Number of protein chains: 2
Amino acid sequence: MKNPVTPEGERISEAEYAVMDALWQASPLSATEICAHVCQDRDWSLATVKTLVSRLVAKNVVDAEADGRRYLYSPRIQRSDYVGGESRRLVDRLFGGKAAPLFAHLAESEALSDDDLAEMEALLKELRK
Amino acid sequence: MKNPVTPEGERISEAEYAVMDALWQASPLSATEICAHVCQDRDWSLATVKTLVSRLVAKNVVDAEADGRRYLYSPRIQRSDYVGGESRRLVDRLFGGKAAPLFAHLAESEALSDDDLAEMEALLKELRK
DNA sequence: ATTCATCGACTACATCTGTAAACGAACGCG
DNA sequence: CGCGTTCGTTTACAGATGTAGTCGATGAAT
């Protein structure tokens with residue numbers, strides 16, 4: 001399929017991702033609590049968060065557990081799965097599936113700090129063996 | 001702004017990207033020629049290509065040069081700029097701007113071939129010195 | 001019990017995307 | 001000199017997305 005992002009192949013939009021991110025940092029959270037985490041940053045109203053959460057629940061990537069009159073929400077997918085999927089999508093789409101050119105691009109556009117380079121070196125050493 | 005993708009901050013959608021890609025491979029091309037490059041792959045009709053091209057022209061990322069009754073189109077932005085921008089967006093959004101975790105993820109999801117590793121190692125050696 | 005704050009559900013609506021058909025102008029062939 | 005073919009332009013339309021308002025139920029506080 002086109003969208004290998006959620007179990008059902010639904011995509012998580014950028015705005016929805018902000019909500020997921022809050023839930024990945026701490027969960028379960030109520031809609032209001034999520035808003036406390038993201039509304040300032042994104043300049044959103046609580047209503048917006050509610051909508052996004054509903055959509056995420058509809059997409060089956062967020063779980064709603066009843067807690068009295070309200071719901072507490074938790075992610076149903078791992079952050080690492082999402083992030084891994086998105087990364088691969090990008091590499092596939094823009095670099096024909098090869099990671100090396102991506103690395104080259106980041107290097108070229110000065111997007112790699114010395115720290116990054118050091119970490120990469122360690123990572124490569126780790127992987128090679 | 002939010003979208004550092006085009007001069008005017010317009011985004012290039014995924015479908016539009018397929019058209020850009022054709023133009024980056026060879027240009028200028030007429031709409032029909034673009035279609036020859038992408039319509040089989042994406043299972044599109046010529047009409048779809050025409051729409052996408054118009055939108056890209058409207059977004060100022062494709063240039064239309066008259067050639068008799070028709071137009072020949074060329075990219076107005078470099079592929080490397082687009083690709084670099086998108087890469088950085090992803091790294092910023094998902095990895096807080098650090099590149100190393102991205103590669104750690106790719107490694108984990110088996111997206112790194114031995115070739116990739118070798119190339120990246122060579123690149124790293126190049127960068128560090 | 002009455003009021004007030006809060007919650008989720010439903011509704012709204014503009015824009016962007018994907019995908020294309022309709023249409024009228026113009027070119028090329030016969 | 002018509003006629004079909006080929007262009008670009010305009011219009012279409014459903015689904016996704018961003019952003020939020022309304023509303024009825026319910027819970028808390030007095």
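These figures come from a predicted structure and were not determined experimentally. Each chain gets a letter, A, B and so on, in the order its sequence line appears, and its residues count up from 1.
Sparse packing is recorded around CD of B:Q78, with 12 or fewer heavy atoms of other residues, nucleotides or ligands lying under 6.0 Å away. Surrounding OH of B:Y71 are at most 12 heavy atoms belonging to other residues, nucleotides or ligands under 6.0 Å away. For A:D43, the CG atom counts as loosely surrounded, since its 6.0 Å shell holds 12 or fewer non-hydrogen atoms of other residues, nucleotides or ligands.
With respect to the salt-bridge test (charged N to carboxylate O, under 4.0 angstrom), the residues A:E14 and B:R89 qualify.
You'll find a donor-acceptor pair under 3.5 Å spanning the side chain of A:R55 and the base of D:dT19, going by distance alone.
Distance CG (B:L56) to P (C:dC16): 14 Å, rounded to an integer number of Å. For the pair B:R42 CZ and C:dG18 P, the interatomic distance rounds to 8 Å; values are reported in whole Å. Taking atom CH2 on A:W44 and atom P on D:dT17, their separation rounds to 13 Å, with Å as the unit. Between the CG atom of B:D41 and the P atom of C:dT19 there is a distance of 13 Å, given to the nearest Å. If you measure from atom CG of B:L52 to atom P of C:dG18, you get 7 Å, rounded to the nearest angstrom.
Within 4.0 Å of A:S13, counting heavy atoms only, lie sugar-phosphate atoms of the nucleic acid but no base atom. Within 4.0 Å (heavy atoms only), B:D67 reaches no atom of the nucleic acid at all.
You'll find the side chain of B:Y73 stays beyond 4.5 Å of the side chain of B:D63, heavy atoms only. Counting heavy atoms from C-beta on, the side chains of B:L124 and A:F103 come closer than 4.5 Å.
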Detail all sub-3.5 Å separations between protein N/O atoms and N/O atoms belonging to nucleotides 8-11 of chain D.
| from | atom 1 | to | atom 2 | distance (Å) |
| --- | --- | --- | --- | --- |
| D:dG8 | OP1 | B:Y71 | N | 3.0 |
| D:dG8 | OP1 | B:Y73 | OH | 3.4 |
| D:dG8 | N7 | B:K50 | NZ | 2.9 |

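Within the structure, salt bridge (charged side-chain N to carboxylate O under 4.0 Å, His left out) contacts touching residues 19-36 of chain A (residues at least two apart or in different chains) are A:D21-A:R79.
Distances shown here put every side-chain N or O of A:S45 at or beyond 4.0 Å from the OP1 or OP2 atom of D:dT19.
You'll find that the side chain of A:L46 is closest to C:dC7, out of C:dT19, C:dG18, C:dC7.
With the nearest nucleotide of DNA chain D identified for both A:A47 and A:A15, A:A15 has the one nearer the 5' end.
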